[in-house]
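Reading through the structure tokens given below for one structure.
No experiment lies behind these values; they were computed from the predicted model shown. Any value given below was found using the heavy atoms of this structure, including those in side chains, with hydrogens, waters and symmetry copies removed. A note on names: the letters A, B, ... follow the listed sequences, proteins ahead of strands, and every chain is numbered from 1.
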Number of protein chains: 2
Amino acid sequence: MSNLSTTAEDILAVARTLIINGGYNGFSYADISEVVGIRKASIHHHFPSKVDLVRELVKRYREDGQAGVAALEQNVPNALDILKVYSTHWSKCIEDASRPYCVCALLASELPSLPPEVAAEVTAFFRFISSWLGSVMERGSKEGTLTLSSEPDVEAEAFLATVYGAMLSARAYGSPKVFGTILAPTLSRLTPNAAH
Amino acid sequence: MSNLSTTAEDILAVARTLIINGGYNGFSYADISEVVGIRKASIHHHFPSKVDLVRELVKRYREDGQAGVAALEQNVPNALDILKVYSTHWSKCIEDASRPYCVCALLASELPSLPPEVAAEVTAFFRFISSWLGSVMERGSKEGTLTLSSEPDVEAEAFLATVYGAMLSARAYGSPKVFGTILAPTLSRLTPNAAH
DNA sequence: CCCAACCTACCTTCTGATAGGGAGGGCGTC
DNA sequence: GACGCCCTCCCTATCAGAAGGTAGGTTGGG
């Protein structure tokens with residue numbers, strides 16, 4: 001949690017929106033300056049290079065994610081509920097168009113062409129999310145709050161893939177509902193005592 | 001199937017590889033010219049604008065997909081086998097690094113920032129794949145070669161999301177094996193008489 | 001007095017795109 | 001068969017604008 005000026009926060013927020021729209025090569029310092037209301041050159045004062053900006057952006061995105069996950073684990077004891085909250089989070093973001101895509105999902109798809117420093121942060125994010133979901137799956141399986149048909153790690157990867165795949169489909173079809181439609185059967189399959 | 005010169009075909013092939021690497025804004029005419037061995041300006045002779053190029057590229061990608069699917073339907077009667085062949089196709093592409101990502105998956109993630117003409121072709125591709133998978137699911141369910149736990153259309157969307165999510169994960173982790181790991185339980189769940 | 005924050009002005013390189021010309025093959029006419 | 005004509009393909013030269021980035025100056029609060 002480095003304490004940056006409000007302007008720097010604004011820049012990061014705008015950059016995040018722009019990346020969600022079109023990825024790393026889909027935005028420029030000029031785009032940011034228009035929205036923030038600052039000259040292009042002034043952005044370099046806060047983030048010397050584009051790599052610095054996006055690296056910091058993804059780093060914070062991961063840290064925010066880790067904080068959110070920690071809070072979730074504290075407030076929601078049931079593993080199935082955690083997965084539901086997680087998928088609902090994305091469902092809402094997509095439906096109200098606030099953050100209709102994951103920054104790291106977009107950057108991950110561009111991975112081979114990304115600057116190494118940024119790429120490293122992106123893969124770190126996926127490792128984090130993946131291992132967290134793995135721990136949720138394992139705990140839920142032990143506690144009986146989740147019904148797994150594979151190993152916890154495999155189940156975690158499959159769940160993550162479904163979430164991110166559903167995100168892509170929602171974008172591809174231009175219809176937010178698709179996300180929920182895809183996630184529903186996945187969640188019900190993980191629900192104990194569910195007839196299927 | 002418009003008959004274009006060999007050079008035009010080469011340009012499209014190189015462009016496809018470049019898009020798979022970094023998306024629409026991740027490549028330039030200069031990049032293509034280096035690989036094809038032709039001057040930058042000469043590419044404009046074959047494809048007046050970048051939009052023309054990528055639109056044609058995606059259009060052909062979809063047409064090739066439709067042809068491939070038609071052949072698959074003729075040669076493979078069993079619906080479950082069709083899904084296996086489909087996922088194995090991607091598994092191989094990812095593992096031998098020949099086409100480690102779907103052109104349309106990458107373009108779909110960039111959809112909001114794409115030129116409308118290109119965006120239209122991309123969504124058309126997804127509608128095609130989705131409706132095809134839907135028909136496979138429905139037929140498999142009726143014939144008893146697939147065990148569905150939801151409506152065919154929903155099952156199709158979920159399967160598609162899993163495939164594309166697994167593709168992203170393989171790229172994010174930099175390990176091709178992940179794709180197969182994720183797809184295996186999905187396919188076994190669709191397999192009749194499978195204990196789970 | 002210093003320093004963070006922002007500015008203007010400018011630079012280099014890349015971007016997609018255009019104009020115009022040259023080489024060469026195909027084709028009809030004499 | 002030779003001539004002229006056109007058309008395809010590719011070239012050089014050039015463009016305007018956008019890209020990321022730098023240099024150096026101004027302002028204002030602690």
Side-chain angles (χ1 to χ4, degrees), chain A residues 1-58 106-107 110 112-119 121, chain B residues 1-19 21-58 103 106-107 110 112-119 121:
Chain A
M1 294 278 184
S2 29
N3 45 347
L4 297 180
S5 73
T6 310
T7 309
E9 306 275 7
D10 289 351
I11 292 170
L12 286 172
V14 171
R16 190 188 54 202
T17 305
L18 292 170
I19 289 179
I20 287 172
N21 251 7
Y24 186 84
N25 293 309
F27 80 102
S28 70
Y29 270 41
D31 296 329
I32 297 176
S33 80
E34 272 183 35
V35 182
V36 176
I38 204 181
R39 293 290 149 173
K40 209 180 55 156
S42 304
I43 301 174
H44 287 280
H45 170 72
H46 299 281
F47 305 99
S49 78
K50 195 177 182 182
V51 170
D52 293 320
L53 202 172
V54 181
R55 197 209 296 121
E56 178 69 21
L57 170 63
V58 178
L106 225 161
L107 293 177
E110 301 175 312
S113 72
L114 245 42
E117 302 94 319
V118 177
E121 291 292 340
Chain B
M1 297 273 187
S2 28
N3 45 346
L4 297 179
S5 73
T6 310
T7 307
E9 307 274 7
D10 289 351
I11 292 170
L12 287 171
V14 171
R16 190 188 53 203
T17 304
L18 292 170
I19 289 179
N21 251 8
Y24 186 85
N25 292 310
F27 79 101
S28 70
Y29 270 41
D31 297 329
I32 297 176
S33 79
E34 272 183 35
V35 182
V36 176
I38 204 180
R39 293 290 148 172
K40 212 179 52 157
S42 304
I43 301 174
H44 287 279
H45 169 73
H46 299 280
F47 305 98
S49 78
K50 196 179 181 180
V51 170
D52 293 320
L53 202 172
V54 181
R55 197 209 297 120
E56 178 69 20
L57 171 62
V58 178
V103 170
L106 224 161
L107 293 177
E110 301 176 313
S113 71
L114 245 42
E117 302 95 318
V118 176
E121 291 293 339

**Message:** Nearest to the B:R39 side chain among D:dG20, C:dG16, D:dT12, which nucleotide is it?
**Reply:** D:dT12
**Request:** Whole angstrom is fine here: how far is it from CG in B:N25 over to P in D:dA18?
**Result:** 14 Å
**Request:** With heavy atoms under 4.0 Å as the rule, sort A:A41 into base, sugar-phosphate or nothing.
**Result:** base
**Complete:** The single option from B:L107, B:V54, B:N25, B:V58 that satisfies side chain to side chain contact (heavy atoms under 4.5 Å, CB included) with B:L114 is B:L107
**Request:** Round to the nearest Å and state the distance from A:F47 atom CZ to D:dT22 atom P.
**Result:** 16 Å
**Request:** Describe the nucleic acid contact of B:S42 in one word from base, sugar-phosphate, nothing, applying a heavy-atom distance below 4.0 Å.
**Result:** base
**Message:** So, OP1 or OP2 of C:dC6: does either fall under 4.0 Å of a side-chain N or O from A:H45?
**Reply:** no
**Asked** Whole Å only: how far is the CG atom of A:L53 from the P atom of D:dG21?
**Response** 10 Å
**Prompt:** Is there a side-chain contact between A:I20 and A:R16, using heavy atoms and a 4.5 Å cut-off?
**Reply:** yes
**Message:** Whole angstroms only, please: what is the CG-P distance between B:D52 and C:dA17?
**Reply:** 8 Å
**Prompt:** Nearest to the side chain of A:H46 - C:dT8, D:dG21, C:dA5?
**Reply:** C:dA5
**Prompt:** Atom OH of B:Y29 and atom P of D:dA16: how far apart are they, to the nearest Å?
**Reply:** 21 Å
**Asked** Mind checking whether B:T7 and B:I11 have side chains closer than 4.5 Å, heavy atoms only?
**Response** yes
**Message:** When you measure from the side-chain N and O atoms of B:S28 to the phosphate of C:dT15, is any distance below 4.0 Å, counting only OP1 and OP2?
**Reply:** yes
**Prompt:** Choosing from C:dC7, D:dC10, D:dA19, which nucleotide comes nearest the side chain of B:I38?
**Reply:** D:dC10
**Prompt:** Taking only N and O in the side chain of B:T7, is any of them less than 4.0 Å away from OP1 or OP2 of D:dC10?
**Reply:** yes
**Asked** Quick one: B:E34 CD to C:dT15 P, roughly how many Å, whole number?
**Response** 9 Å
**Request:** Decide yes or no, distance alone: a donor-acceptor N/O pair under 3.5 angstrom between the base of D:dG21 and the side-chain of A:K50.
**Result:** no
**Message:** Contact between A:Y24 and A:P115 at the side-chain level, heavy atoms closer than 4.5 Å - yes or no?
**Reply:** yes
**Fill in**
Rounded to whole Å, CD1 of A:I43 lies from P of D:dA19 at a distance of 11 Å
**Prompt:** To the nearest Å, how far apart are A:K40 NZ and D:dA23 P?
**Reply:** 15 Å
**Asked** Taking the side chain from B:Y29 and the backbone from B:S49, do they hold a donor-acceptor pair closer than 3.5 Å?
**Response** yes
